[in-house]
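Input: a single structure, listed below in structure tokens.
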Protein chains: 2
Amino acid sequence: MFKNMPKETLYEFARQAVPCVGFNTRRATRLITQYYDKALAPAGLRSTQYSLLTLLAMMGEAPMQEVAYVLAMDRTTLTRNLNPLLRQGLVKVTVGSDRRARPLALTPKGQSTLEKALPLWQAAQSRIVDAIGAEQWEAMMRGLHQISMIVEEDL
Amino acid sequence: MFKNMPKETLYEFARQAVPCVGFNTRRATRLITQYYDKALAPAGLRSTQYSLLTLLAMMGEAPMQEVAYVLAMDRTTLTRNLNPLLRQGLVKVTVGSDRRARPLALTPKGQSTLEKALPLWQAAQSRIVDAIGAEQWEAMMRGLHQISMIVEEDL
DNA sequence: GTCAAATACGTGTATATACACTCATTATGT
DNA sequence: ACATAATGAGTGTATATACACGTATTTGAC
């Protein structure tokens with residue numbers, strides 16, 4: 001019975017059973033995403049939605065192509081991810097001088113939602129970074145970027 | 001225009017724009033999953049499916065509850081993830097002495113599919129681990145497990 | 001200037017993910 | 001033994017993800 005096992009032992013079992021980079025990152029990402037989802041729920045945002053709003057706030061008005069590229073996300077996935085944000089009126093899609101492009105931008109409501117979410121995110125983020133330490137977190141980021149670059153060569 | 005940027009610069013921009021643990025792990029996981037998906041395609045498996053088959057092979061006949069727990073995956077997600085594997089006849093669902101439980105087990109076809117996939121996975125895995133080094137990979141695993149334990153306290 | 005190539009985007013389909021709710025079966029307190 | 005709680009699992013719904021394919025617009029070669 002795994003449920004009586006300490007988490008550390010369970011993780012070790014899973015890692016031994018499936019010693020795959022992809023499996024272990026996906027597994028951790030499931031947990032981490034749930035954690036931020038829960039933290040951001042009072043603002044009515046999911047993890048992905050918070051990330052997207054934040055990126056749009058930083059990028060300003062930008063065509064979908066560019067946004068998807070920075071997200072390392074399929075263009076069509078971005079289209080779907082926008083739907084809940086459009087329905088809630090947090091993001092607006094306009095048309096630029098190039099009438100093919102669809103520049104995205106935050107609405108005032110999107111801006112205020114983001115401001116409401118910021119302290120929630122900050123608390124969740126700090127809880128992790130404070131626990132593992134900034135150096136450890138920086139090292140993890142470097143590792144994830146390193147792996148990302150390796151795998152992108154094969155896509 | 002981000003497309004002319006070196007990847008390293010792009011990643012750094014994304015990390016600065018959205019300095020969130022969840023965002024950065026999700027972003028990397030998207031790329032890594034695509035990479036393994038591509039590598040495993042000749043065996044007709046997606047990354048998640050390969051992981052699940054491997055875990056079932058290691059666990060032997062086990063009730064869904066247990067499998068989901070080891071995967072750190074919602075029980076109902078496991079139900080859905082089984083569908084393509086059941087349709088392809090790679091996994092079978094039986095009924096045990098406790099008629100509520102649904103013990104899962106690989107079929108012979110599931111076993112042979114896994115054997116076909118193994119060298120494909122090994123090649124993809126080695127490409128990453130050889131590039132970053134075993135120590136770096138071990139450190140990443142420890143970091144992911146550490147973060148997983150922290151966030152699980154809040155779920 | 002015209003027409004093919006390139007570009008920006010959306011849709012159909014399939015898998016991956018989780019929550020709320022429901023159903024069937026087993027365990028338990030009296 | 002029986003009523004109730006606890007347990008194991010499935011479904012409805014919504015979001016997240018990517019590929020194959022199609023549409024509209026712009027670029028560029030001539």
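Residue numbers start from 1 in every chain, and the chains themselves are labelled A, B, ... in the order their sequence lines are given, proteins ahead of strands.
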_Under a 4.0 Å threshold between the charged nitrogen and the carboxylate oxygen, would B:Glu138 count as salt-bridged to A:Arg15?_
yes
_Strictly below 4.0 Å, N to O, side chains only: are B:Asp154 and A:Arg127 in salt-bridge contact?_
yes
Rounded distance (Å) that lies between atom [atom2] of [N] and atom [atom1] of [X]:
| X | N | atom1 | atom2 | value |
| --- | --- | --- | --- | --- |
| B:Asp98 | C:dA27 | CG | C1' | 10 Å |
| A:Leu31 | C:dA18 | CG | C1' | 12 Å |
| A:Leu82 | C:dG10 | CG | C1' | 12 Å |
| A:Leu78 | C:dA8 | CG | P | 14 Å |
| A:Gln88 | D:dA14 | CD | C1' | 12 Å |
| A:Glu66 | C:dT7 | CD | C1' | 13 Å |
| A:Arg26 | C:dA16 | CZ | P | 9 Å |
| B:Leu86 | C:dA14 | CG | P | 17 Å |

What nucleotide among [options] has an atom nearest to a side-chain atom of [X]?
| X | options | answer |
| --- | --- | --- |
| B:Asp74 | C:dA16, D:dT25, C:dA18 | C:dA18 |
| B:Met73 | D:dT11, C:dA18, D:dT17 | C:dA18 |
| A:Thr76 | D:dA9, D:dA20, D:dA16 | D:dA20 |
| A:Arg80 | C:dT26, D:dC19, D:dA9 | D:dC19 |
| B:Met64 | D:dA9, D:dA18, C:dG10 | D:dA9 |
| B:Thr77 | D:dA18, D:dT15, C:dA18 | C:dA18 |
| B:Arg99 | C:dC9, C:dT26, C:dT13 | C:dT26 |
| B:Asn81 | D:dT25, C:dA16, D:dG8 | C:dA16 |

*Going through the checks in order, is the side chain to side chain donor-acceptor pair (under 3.5 Å) test met by B:Glu152 and B:Ser148?*
CA-CA 6 Å; B:Glu152 272 197 286; B:Ser148 296; over 6 Å; no
*Would you mind listing every side-chain hydrogen bond (donor to acceptor under 3.5 Å, both in side chains) that reaches into residues 48-61 of chain B, with sequence neighbours excluded?*
A:Arg26-B:Ser51
Main chain of [Y], side chain of [X]: is a donor-acceptor contact present, judged purely on distance under 3.5 Å?
| X | Y | answer |
| --- | --- | --- |
| A:Arg27 | B:Val70 | yes |
| B:Tyr35 | B:Ala124 | yes |
| B:Asp74 | B:Ala68 | no |

Would you compute the distance between atom [atom1] of [X] and atom [atom2] of [Y] and round it to the nearest 0.5 angstrom?
| X | Y | atom1 | atom2 | value |
| --- | --- | --- | --- | --- |
| B:Lys38 | B:Ser47 | NZ | OG | 12.5 Å |
| B:Leu85 | B:Leu45 | CG | CG | 7.5 Å |
| A:Leu106 | A:Thr113 | CG | OG1 | 9.0 Å |

*What nucleic acid atoms does A:Arg75 come within less than 4.0 Å of, heavy atoms only: base, sugar-phosphate, or nothing?*
base
*For A:Ser97, which contact category applies under a 4.0 Å heavy-atom criterion: base, sugar-phosphate, or nothing?*
sugar-phosphate
*DNA chain D: B:Gln34 or A:Pro84, which has the more 5' nearest nucleotide?*
A:Pro84
*Record whether the side chain of A:Arg87 comes under 3.5 Å of the base of D:dT15 through a donor-acceptor pair of N or O atoms.*
no
*Taking only heavy atoms on the protein side, list every residue of residues 48-63 of chain B lying under 4.0 Å from any atom of DNA chain D, sorted numerically.*
B:Pro63
_A:Arg30 or A:Ala101, whichever maps to the more 5' nucleotide of DNA chain C_ = A:Ala101
*asked:* Does anything in residues 35-46 of chain B come within less than 4.0 Å of DNA chain C? Heavy atoms only, and list the residues if so.
replied: B:Arg46
_Side-chain touch B:Met64/B:Leu82, heavy atoms, less than 4.5 angstrom_ = yes
_Phosphate contact (D:dA9 OP1 or OP2) by B:Gln65 side-chain N/O below 4.0 Å_ = yes
